[in-house]
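Before any comments, here is the structure.
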Amino acid sequence: MAKENVKIEDISKPVEQLVKLTLDDLMPLPPPYDKPGEEPELTEPTPDWREKYVTDLDGYIAIDLPWKPKTKEEEEELVRKFLSGLQKLLDKENNWTFLQPLMLSVEYCARCQTCSDACPIYISSGRKEIYRPTYRAEVLRRIIKKYLTPGGKIKAKFTGDIDLNANTIIRLAEDAYRCTLCRRCTQTCPIGVDNGLISHEIRKLFSQEMGIAPKALHELGTVQHLQKGSSTGLTPDGFKDIIEFIEDDIEEKLGRRIKIPVDEKGAEILLIHNAGEYLSWPENPAAFAILFEEAGISWTLSSEQVAYDAVNYGVWYDDVQLARVATKHTEIAAKLEVDKIVVGECGHAHKAISVVADRVLADEYNIPRESCMPILWDIVRKKKINFDPEKNNFPVTLHDPCNMVRLMGVVEPQRKILRELCPQFREMEPHGVYNYCCGGGSGFAIMQSMNFPEWRSAVAARMKFKQTLEAFKDCISPEINKYLCAPCSNCKGAIRDMLDYYNAPEKCSIYYGGLVELMVNAMVDLEEPFIEWEFH
Amino acid sequence: MIWLQALVYFSFTVFVLVVLAKVVKYATMPIHLRWELYPVPHEKGRAEHGGSYFEEADWWKKPRETTLIGELKDMFMEMLFIKRVFEHKRPLWWFTYPFHTGIYLILTWFALVFIGAIFEIAGFPISAASVQQLGFLSWLSPLIYYLTWIVGVLAMALMLIFGLGLLFRRLGDEGMRSYSAPIDYFNLLFIIAVVATGIAAWQYDGDFAVARAFMKSLITFSPLPSISGATILHVTLLSLLFLYLPFTKMTHFFGKYFTYHKVLWEDEPNLRGGEIEKEVKKVLGYRISWSAPHMKPGMTWADEVLKVSPNEIDVWKKEEK
């Protein structure tokens with residue numbers, strides 16, 4: 001069934017499944033995971049899934065829609081739609097958003113494979129060809145040359161051939177969701193070719209032309225965000241209830257009540273959190289509230305639909321949805337007459353609103369946007385709050401969210417805080433702009449359908465797990481509580497699932513959380529520790 | 001030999017025009033969404049750790065500090081040493097670096113032959129002996145003479161040896177071989193053939209005096225000197241290479257400018273009322289024809305964003321047959 005040494009042309013072959021992963025192939029992990037039986041076995045997709053969904057690439061399902069064509073007509077229709085989408089991807093008006101970067105990357109790759117080893121997924125998988133950064137790019141390049149340029153069919157014999165059929169298309173779509181868009185590969189390219197971007201553009205083609213995207217990103221993601229107010233399904237009323245609950249919680253911990261400002265017109269800052277924080281990690285928005293209030297910052301949250309959820313999943317798969325969500329965020333900020341939008345601990349929301357969507361905003365929607373990190377560092381640097389680093393005297397390491405660091409350049413403020421407040425802070429290797437993705441990048445953290453979480457934890461997050469174990473190797477014993485600081489909701493989600501998958505809280509006492517929790521934990525004013533060492 | 005001379009003029013003209021057309025094509029593409037990648041070397045005081053102006057609260061109120069030196073440094077490290085391959089794929093670097101050095105040297109050789117030809121046209125012959133007419137600059141003639149020889153021979157040797165090396169590496173490296181198409185081998189073989197015929201022509205022109213005479217004819221539009229069969233073959237192949245080059249990915253010598261300066265290092269913020277905002281307004285007027293259920297084909301980007309109500313947004317559903 002499975003076929004090794006997969007070639008570019010093999011993507012179109014009529015086999016049930018192109019590649020099969022086994023534990024033996026995967027990158028070995030350091031102690032205590034260096035012995036067999038220390039991690040779960042990989043599973044096979046069920047016959048029902050095979051029937052309904054696309055398991056034809058590696059057996060895993062990212063796109064959880066039953067879109068696999070069943071008849072000859074459906075297959076032909078799929079090819080026709082794919083080509084029409086591809087034409088639009090190369091068209092100025094339809095894809096002004098990325099036309100220049102895309103064309104450059106299609107044109108100039110020398111296939112030197114300098115980028116391959118930069119990819120954590122390719123390496124973690126034991127160098128499976130379908131995960132090589134250049135694989136999907138080369139497939140797309142060959143399709144463009146053969147099917148969309150004059151004389152392409154003849155030239156293809158010379159410039160690299162490929163068959164465009166339904167197999168090619170369904171596998172290419174899945175393969176675009178085996179890259180976390182971390183763009184580590186791009187850092188190594190001598191020509192500046194961006195294979196991460198190619199994954200992004202393939203995803204866009206499927207979404208923007210056919211509406212094909214993982215439900216968690218589209219139907220339950222951006223669409224639900226715009227229609228109901230949040231991709232978590234949280235409504236404005238639900239949001240207000242949670243805020244009250246957080247105020248109660250703060251009162252319990254701080255010994256006095258804080259009124260969390262909501263919809264306060266004219267505040268300096270509109271702070272937006274990833275709404276996942278309210279539901280999964282309410283201690284994070286609580287910590288923000290404590291710090292901002294204690295430091296005397298003028299700020300507010302918004303209870304208006306869309307604006308209490310900083311996420312913008314469009315940044316991973318659809319430019320129009322990206323623009324719709326970003327514009328809604330800034331529209332609400334303008335109504336509140338704030339000076340600026342500040343994004344909480346959410347990496348992709350940072351990048352989406354500050355960097356990528358910067359060029360879809362104009363006039364009243366063009367409101368300054370910034371990261372929370374420099375503000376948090378200012379609190380520490382200017383001693384606006386009294387901290388006692390001894391309260392954080394346990395091993396701490398930092399995960400760098402790709403979107404905030406490599407893709408936005410916010411590198412130092414967060415580590416300055418850790419150096420100041422955590423005596424046992426140690427870096428992972430590599431770190432900063434050369435970090436590895438948590439494995440949850442580009443939407444993977446929230447894609448929980450069928451067997452995708454298994455692939456994410458076993459393959460995509462494997463490098464992060466290895467780095468984490470290595471950073472704590474001097475104190476790996478379960479008797480010592482360790483804190484993996486991940487200032488990003490999606491990274492936290494992926495890390496939670498990763499630690500759980502490898503049973504690391506129990507085996508090694510590795511816990512995870514955000515940055516502000518560590519800051520509040522170090523506050524002199526707090527009698528009880530803020531960090532509770534509970535895995536959730 | 002008028003046909004050969006015509007071929008040289010023709011292919012050189014086509015080369016320049018097609019390269020220019022391609023540069024114009026990329027330069028006039030619409031503004032794109034920001035997609036920079038850190039480290040961005042012009043971020044003053046921050047490039048070392050890969051930081052950006054976003055590390056500063058209220059960044060838009062403060063002057064943006066950039067450093068051209070930082071950018072040039074990174075650029076030249078890449079251009080002159082192919083730094084990224086050195087760091088990330090050393091085994092390939094041992095081949096590709098000397099090969100590319102050979103290309104730089106052969107371009108230098110052309111420049112030297114051109115300068116030599118200009119000297120000769122001006123009446124100062126290029127030879128191993130010093131030229132008295134040049135007075136205190138009499139050493140210039142032998143300098144050009146020897147430099148041309150050393151640079152030319154070194155360039156040919158590097159390009160031939162490491163061109164073949166790259167060919168064998170492409171065949172020997174599994175990852176490279178399975179991604180290579182016939183054209184990748186053809187390109188290398190083409191260059192190797194041009195260099196090999198160049199070496200053959202050199203056998204009849206040990207000190208490149210004929211090369212200079214050839215250049216003189218090209219500059220002055222006068223008939224070519226008498227040349228060997230090897231030279232005719234070499235010049236023909238070289239002209240064909242020049243005709244072919246601009247249509248291939250080997251134009252990455254200018255493509256790199258765009259990938260770095262216009263994409264990976266392009267971090268210009270869209271400030272209210274600024275030039276970028278004007279550009280943004282223009283592209284938001286472009287029309288969309290995407291046909292997914294959540295799109296309204298025919299609308300402009302601005303209307304897709306502002307005028308489509310969330311409740312009108314449809315999603316993919318399995319069609320019932």
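Just so it is clear: chains get the letters A, B, ... in the order the sequence lines come, proteins before strands, and each one is counted from 1.
Proximity to chain B (any heavy atom under 4.5 Å) is restricted, for A:V223, to the side chain, taken from C-beta onward. Using a 4.5 Å cut-off between heavy atoms, A:C109 contacts chain B through its backbone alone, with no side-chain atom that close. At a 4.5 Å heavy-atom cutoff, the contact between B:Y260 and chain A is made by side-chain atoms alone. Neither the backbone nor the side chain of B:Y53 comes within contact range of chain A; no heavy atoms are under 4.5 Å apart. No part of B:T300 comes within reach of chain A, as not one of its non-hydrogen atoms sits under 4.5 angstrom from that chain. Of the two parts of A:Q305, neither the backbone nor the side chain holds a non-hydrogen atom closer than 4.5 Å to a non-hydrogen atom of chain B. Heavy-atom distances place no part of A:W377 under 4.5 Å from chain B, backbone and side chain included. Contact annotation for A:M210: only backbone heavy atoms (N, CA, C, O) come within less than 4.5 Å of a heavy atom of chain B. Within the 4.5 angstrom heavy-atom criterion, atoms from both the backbone and the side chain of B:W59 approach chain A. In this structure, no portion of A:A357 lies under 4.5 Å from any heavy atom of chain B. Contact annotation for A:Q321: only side-chain heavy atoms (C-beta onward) come within less than 4.5 Å of a heavy atom of chain B. Proximity to chain A is absent for every atom of B:K307, based on heavy atoms less than 4.5 angstrom apart. Using a 4.5 Å cut-off between heavy atoms, B:K262 touches chain A through backbone and side chain atoms alike. When heavy atoms are compared at a cutoff of 4.5 Å, A:D363 approaches chain B by way of both its backbone and its side chain. In this structure, chain B has no heavy atom under 4.5 Å from any part of A:R127. Neither the backbone nor the side chain of B:E279 comes within less than 4.5 Å of any heavy atom of chain A. Contact of A:S84 with chain B is not made at all, since no heavy-atom distance falls under 4.5 Å. Looking at A:F206, neither its backbone nor its side chain comes within 4.5 Å of chain B, counting heavy atoms on both sides. For B:R170, the part lying near chain A is the side chain, with the backbone staying farther off; criterion is any non-hydrogen pair under 4.5 Å.
The two atoms that bring B:T259 and A:G192 nearest to each other are CB-O, 3.4 Å, heavy atoms only. Between B:W290 and A:L89 the shortest heavy-atom distance is CH2-N, 3.7 Å. The two residues B:G255 and A:L104 come nearest to each other via the heavy atoms O-CD2, 4.1 Å. Nearest heavy-atom pair across B:R287 and A:N94 is O-OD1, 4.1 Å. The two atoms that bring B:P293 and A:G211 nearest to each other are CD-CA, 3.9 Å, heavy atoms only. Shortest non-hydrogen contact noted between A:C189 and B:R84 is O-CD, 3.2 Å.
Salt bridge annotation for B:E266-A:R359: present, with a cationic side-chain nitrogen under 4.0 angstrom from a carboxylate oxygen. Salt bridge absent: A:D117 and B:K89 never bring a charged side-chain N and a carboxylate O closer than 4.0 Å. A salt bridge links A:R324 with B:E304: the distance from a Lys NZ or Arg NE/NH1/NH2 to an Asp or Glu carboxylate oxygen falls below 4.0 Å. Comment: B:K22 engages A:E107 in a salt bridge, judged by a side-chain N to carboxylate O separation of less than 4.0 angstrom.
One finds the CD1 atom of A:I375 at 11.5 Å from the CD atom of B:E56 (value rounded to the nearest 0.5 Å). Once rounded to the nearest 0.5 Å, the distance linking CG of B:L306 with NZ of A:K328 reads 9.5 Å. Once rounded to the nearest 0.5 Å, the distance linking CG of B:L33 with CG of A:L99 reads 11.5 Å. Atom CD of residue A:E209 and atom CE of residue B:M295 lie 9.0 Å apart, to the nearest 0.5 angstrom. From A:D358, atom CG reaches atom CD of B:E268 across 10.0 Å, with rounding to the nearest 0.5 Å. Put simply, CZ on B:R272 and CG on A:N366 are 6.5 Å apart, with the number rounded to the nearest 0.5 Å.
Residue with the most contacts toward chain B among A:V325, A:T222, A:I191, A:V342: A:I191 (heavy-atom pairs, distance under 4.5 Å). Of the listed residues B:I276, B:L92, B:V283, B:T96, the one with more heavy-atom pairs under 4.5 angstrom with chain A than any other is B:V283. Of all the listed residues (A:K215, A:R369, A:M404), the one sharing the greatest number of non-hydrogen pairs under 4.5 Å with chain B is A:R369. Interface summary for chain B: among A:G160, A:A213, A:A362, the most heavy-atom pairs under 4.5 angstrom belong to A:A362. Ranked by heavy-atom pairs under 4.5 Å with chain A, the list B:G273, B:A302, B:P39 is led by B:P39. Chain B forms the most heavy-atom pairs under 4.5 Å with one residue out of A:L226, A:D378, A:L65, A:T327, and that residue is A:L65. Ranking B:G50, B:S52, B:A181 against chain A, the residue ahead of the rest is B:S52, based on heavy-atom pairs under 4.5 Å. In terms of non-hydrogen atom pairs under 4.5 Å with chain B, the most contact-rich of A:R406, A:Q227, A:R183 is A:R183. Each of B:D173, B:V308, B:N270, B:V315 has some count of heavy-atom pairs under 4.5 Å with chain A, and the biggest count is that of B:N270. Heavy-atom pairs under 4.5 Å with chain A peak, among B:I288, B:D314, B:T248, at B:I288. No other option in B:I82, B:N187, B:D58 has as many heavy-atom pairs under 4.5 Å with chain A as B:D58. The greatest number of non-hydrogen atom pairs below 4.5 Å with chain B, out of A:D319, A:V410, A:V405, A:V356, is found for A:V356.
Here the rule is side chain to side chain contact (heavy atoms under 4.5 Å, CB included) with B:L37, and of A:M408, A:R184, A:Q187 only A:Q187 fits it.
With a 4.5 Å cut-off on side-chain heavy atoms, A:M103 and B:M29 count as touching. Counting heavy atoms from C-beta outward, A:T114 and B:W93 have side chains that stay 4.5 Å or more apart. Two residues are said to be in side-chain contact when any heavy atoms from C-beta on lie closer than 4.5 Å; A:P190 and B:E78 meet this criterion. Contact check for B:Y286 versus A:N95: no side-chain heavy atoms found under the 4.5 Å cut-off. Residues B:Y38 and A:V411 have side chains not in contact (no heavy-atom distance under 4.5 Å, counting atoms from C-beta outward).
Relative ring orientation between B:F254 and A:Y108 is described as perpendicular, the plane-to-plane angle rising above 60° on a 0-90° scale split at 30° and 60°. Ring geometry for A:H200 against B:W35 counts as tilted: the plane angle lies between 30° and 60°, on a 0 to 90° scale.
At distances below 3.5 Å, at least one donor-acceptor pair connects side-chain atoms of B:E55 with backbone N or O atoms of A:E412. Of the possible donor and acceptor atoms, one in the side chain of A:Q113 sits under 3.5 Å from a partner among the backbone N and O of B:G175.
Counted within 6.0 Å of NZ on A:K70, heavy atoms from surrounding residues, nucleotides or ligands total more than 12; the atom is thus considered enclosed.
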Query raised in the report: side chain to side chain contact (heavy atoms under 4.5 Å, CB included) between A:T186 and B:L264: does it pass, once the steps are laid out?
Result: CA-CA 9 Å; A:T186 312; B:L264 303 179; 3.8 Å; yes
